[in-house]
Student: 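First the structure, then my questions, so here it is.
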Amino acid sequence: MSEQPAVADPSPERKPLEPEAADAVRAYAARTRANADRLAAVLEDIAANGLPSLDECTPWEDLRDARLAQLADVRPAVA
């Protein structure tokens, strides 16, 4: 993924964001870029080495239950 931000010519119809909002958008973009890079690395590993054996995998039900437990810690009404 590119580390360079997309640059567009400012148009007269566009209103600049407040500095805090611009920082939040940049932080979101950085998180999204990092997630995309992690996914790309996993896919490249699968392409190079094939799928992992079942012994190395976590059942999706375990992943789901763990995530629901995390959400319940933050917001008990979720679970």
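By convention here, the first residue in the shown sequence is residue 1. Please read all numbers here as calculations on a predicted model, not as lab measurements.
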Student: Counting heavy atoms not belonging to Glu61, are there more than 12 under 6.0 Å from its CD?
Tutor: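 Yes, CD of Glu61 has more than 12 neighbouring heavy atoms, counting only those of other groups under 6.0 Å.
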
Student: Out of curiosity, does Leu51 fall in the hydrophobic cluster containing Val42 (side-chain heavy atoms, cut-off under 4.5 Å, transitive links)?
Tutor: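 The answer is yes; both residues are in one hydrophobic cluster.
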
Student: Just how far is it from atom CG of Leu68 to atom CG of Leu63, taken to the nearest 0.5 Å?
Tutor: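 Leu68 CG to Leu63 CG: 11.0 Å, rounded to 0.5 Å.
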
Student: Would you give the length of the straight line joining atom CG of Asp62 to atom CZ of Arg67, rounded to the nearest 0.5 angstrom?
Tutor: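 Reported value, rounded in 0.5 Å steps: 15.5 Å.
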
Student: Should the heavy atoms of other residues, nucleotides or ligands under 6.0 Å from CG of Leu54 be counted, would the total exceed 12?
Tutor: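 At most 12 heavy atoms, drawn from other residues, nucleotides or ligands, come within 6.0 Å of this atom.
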
Student: So how far is it from Asp65 CG to Gln70 CD, rounded to the nearest 0.5 Å?
Tutor: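 These two atoms lie 11.5 Å from each other.
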
Student: Quick one: are Glu20 and Asp23 in side-chain contact, heavy atoms under 4.5 Å?
Tutor: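 Glu20 does not reach Asp23 side chain to side chain.
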
